[in-house]
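Read the structure below first, then the notes.
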2 protein chains.
Amino acid sequence: MSQTVDRALTILASLGEGPASLEQAAGRIGVHKSTALRLLRTLEEHGFVHRQSDHRYRLGGRLFSLAQQALEGIDVRQVSAPYLASLNERYGHTVHLAVLEGAEVLFLDKVDARYPSGSDSWLGPASRIGKRAPAAATALGKVLLADLSEDQLALTLEDQEFPARTPRSLRSADELRAELTAVRRQGWSLDQGEYEEAVNCVAAPIQGIDGTAIAACAISAPVRLASVSELSRLLPELLCTVEAVSLAYGGSPTPRWCENRCGAKHAVRASHT
Amino acid sequence: MSQTVDRALTILASLGEGPASLEQAAGRIGVHKSTALRLLRTLEEHGFVHRQSDHRYRLGGRLFSLAQQALEGIDVRQVSAPYLASLNERYGHTVHLAVLEGAEVLFLDKVDARYPSGSDSWLGPASRIGKRAPAAATALGKVLLADLSEDQLALTLEDQEFPARTPRSLRSADELRAELTAVRRQGWSLDQGEYEEAVNCVAAPIQGIDGTAIAACAISAPVRLASVSELSRLLPELLCTVEAVSLAYGGSPTPRWCENRCGAKHAVRASHT
DNA sequence: TTGGCCATTGCAGCCCGTGCAACGCAGGGT
DNA sequence: ACCCTGCGTTGCACGGGCTGCAATGGCCAA
């Protein structure tokens, strides 16, 4: 929309791939050196890029502080942190917290698996805090999409691709809609190697004051360590956790009374719409 | 330098303080609504801001991923991580890794104290990853400033204030220079409640291939738990650590190097000095 | 239905961003 | 010592695109 800002942001993104000299930076986005210079200077004034002693530009500290500030501002993250840690503590699997952003999920928090991280148990690079992933391909995404109205969903899925990341990936909006219907009914979602072939996930929504899903929580594990049915066995715990977070977030600051009721909690949940 | 980009970045920074409607955002930076709209749209296209369902803007996921990407790209962070963890393991105090950026230190990594975090042992909010702090007021900063040439130092300190954060803060460039002389002689620096009144630190430089300080490592502890002399007792350990990191960092750039020489040729690790 | 509020759009004016070309400077080759 | 190449930086004239006003549209509440 705004050419100048567009270029500045492009140059900023390009620096994410590594430091660059003025000429390189200009080349990467296809503008004249002097143009790139002025953009970089402006970015530098604001601390978004930093000029190192060899005159090359790299991303600056302002980026870190802004990102950090933003993360701190997301209170669902604060609230849920201890619950995620507790889930991780009990079963050792990786736990994720994510929100929906357009047609992608954005990972807000992560507690790494507690088993020794051999190459087989590594969940891939796709789950670092701040990373994003196509919503339709993940348990987290599906549970968040399931909460959208039909209108919102249509808008969100507009122009979306359904690439075959793995053989089990959903390949069309229709497949996704069918899946979402099931997710709505049961209140949680499953990912059987649809995103990373060797990784299974279960996810459930965290609900805000008005009952809409504001975030989602997932347990992920390599198929080698937990089959889908084994993972499903953790469902009651997961549902308890998201319920506790939802309550804690929704107003009542009551900390983990979850454990009292967890035993009684089963997979049956009222469909929320 | 560039008005449009300047405004866009200002608006971005202002969103760091919390979500805002179009009108609020425009008001914060003093431009017309339509102008703010176009800037925000451009930022949104790039994912730096995100529009939530109530039409308000908040910082977007791109910010997180860029920041994360940049953090991963800083290899001194990777290299030193295990050493920092080990230091923390042995004495329980908070350990920091930081670099110099202008007249500020930028915290790259942090291992939190292992003692129960009562209000007395909390180091304050000033040390999160990505946060910055005035270099002259911290042990980390002093040890990094001490490595600059007189010219660089003069340039860096230009227009710098020396606010009295605490009664022991350095109040002028002259005081700082005197301190730096001592730091240079001894090879490490001390912060006796100059930044946070109740916190002491010791810091030492991590040196790159050419012997210049590329980062610094510090041990911090509340005065209640460790007096300056107690902290000084950890100096040998700290110096050992930074030496080990320096060697690990400077000696062999990447461990993969020997396994795959052809590929490594392309991995640009030019000595730009 | 009306009115108010806010996001959004169209548009004319002119500011300011753009790219060219020239300059300064450092490094390396002869 | 010289030149020469490569890169960052500066000055400048042109016109593209940014700006702010005003009008429109959509939503909510009274």
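Only heavy atoms go into these numbers, but all of them, side chains included; no hydrogens, no water, no symmetry mates.
For DNA chain C, none of the residues of residues 8-25 of chain A falls under the heavy-atom distance limit of 4.0 Å.
One N or O donor and one acceptor, one from the side chain of A:S34 and one from the base of C:dG19, sit under 3.5 Å apart.
Atom-to-atom distance recorded for A:L180:CG and A:L176:CG is 4.0 Å, nearest 0.5 angstrom.
Taking for each of A:Q3 and B:K33 the nucleotide of DNA chain C with the nearest heavy atom, the 5'-most of the two is the partner of B:K33. If you find the closest nucleotide of DNA chain D to A:Y57 and to A:V5, the one lying nearer the 5' end belongs to A:Y57.
Atom CG of B:L40 and atom C1' of C:dC6 are 14 Å apart (whole Å). Residue A:L37 contributes atom CG, which lies 15 Å from atom C1' of C:dC20 at whole-angstrom precision. Taking atom CE of A:M1 as the reference point, atom C1' of D:dT19 lies 14 Å away to the nearest angstrom. In this structure, A:H55 places its NE2 atom 18 Å from P of C:dG24, rounding to the nearest Å. The distance between atom CD of B:E44 and atom C1' of C:dA7, rounded to the nearest whole Å, is 13 Å. The distance from atom CG of A:D6 to atom P of C:dG17 is 15 Å, rounded to the nearest whole Å. For the pair B:R56 CZ and C:dA7 P, the computed distance is 11 Å after rounding to whole Å.
No donor-acceptor pair under 3.5 Å is formed between the side chain of A:E161 and the backbone N or O of A:P163. When atom types are taken as modelled, the side chain of B:S246 and the backbone of B:I206 share no donor-acceptor pair closer than 3.5 angstrom. In this structure a side-chain-to-backbone donor-acceptor pair under 3.5 Å is missing from B:E104 to B:E101. Checking side-chain atoms of B:T138 against main-chain N and O of B:G141 turns up a donor-acceptor pair under 3.5 Å.
Centroid-to-centroid, the aromatic rings of A:H96 and A:F107 come within less than 6.0 Å.
Between B:L22 and B:R56, every side-chain heavy-atom pair lies at or beyond the 4.5 Å cut-off.
For C:dT18, one of the phosphate oxygens OP1 or OP2 lies less than 4.0 angstrom from a side-chain nitrogen or oxygen of A:R7. Neither OP1 nor OP2 of D:dG17 sits under 4.0 Å from any side-chain N or O of A:S2. Close to C:dG17, at under 4.0 Å from its OP1 or OP2, lies no side-chain N or O of A:R38. Side-chain N/O atoms of B:T4 include one lying less than 4.0 angstrom from OP1 or OP2 on C:dG17. Considering only side-chain N and O atoms, B:R41 lies nowhere under 4.0 angstrom from the phosphate OP1 or OP2 of D:dC18.
Among the nucleotides C:dC20, D:dG8, D:dG20, the one closest to the side chain of A:H32 is C:dC20. Considering only side-chain atoms of A:T35, the nucleotide from D:dG8, D:dG17, C:dG19 that sits closest is C:dG19.
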Filtered N/O pairs between nucleotides 28-30 of chain D and protein, under 3.5 Å:
none

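With 3.5 Å as the limit, one finds no donor-acceptor pair spanning the side chains of A:E45 and A:T42.
The pair B:R51-B:E44 does not meet the salt-bridge criterion, since no charged nitrogen lies less than 4.0 angstrom from a carboxylate oxygen.
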Report all side-chain donor-acceptor pairs from residues 3-13 of chain B shorter than 3.5 Å, counting only partners two or more places apart or in another chain.
{"residue": "B:D6", "atom": "OD1", "partner": "A:H46", "partner atom": "NE2", "Å": "2.5"}
{"residue": "B:T10", "atom": "OG1", "partner": "B:D6", "partner atom": "O", "Å": "2.7"}

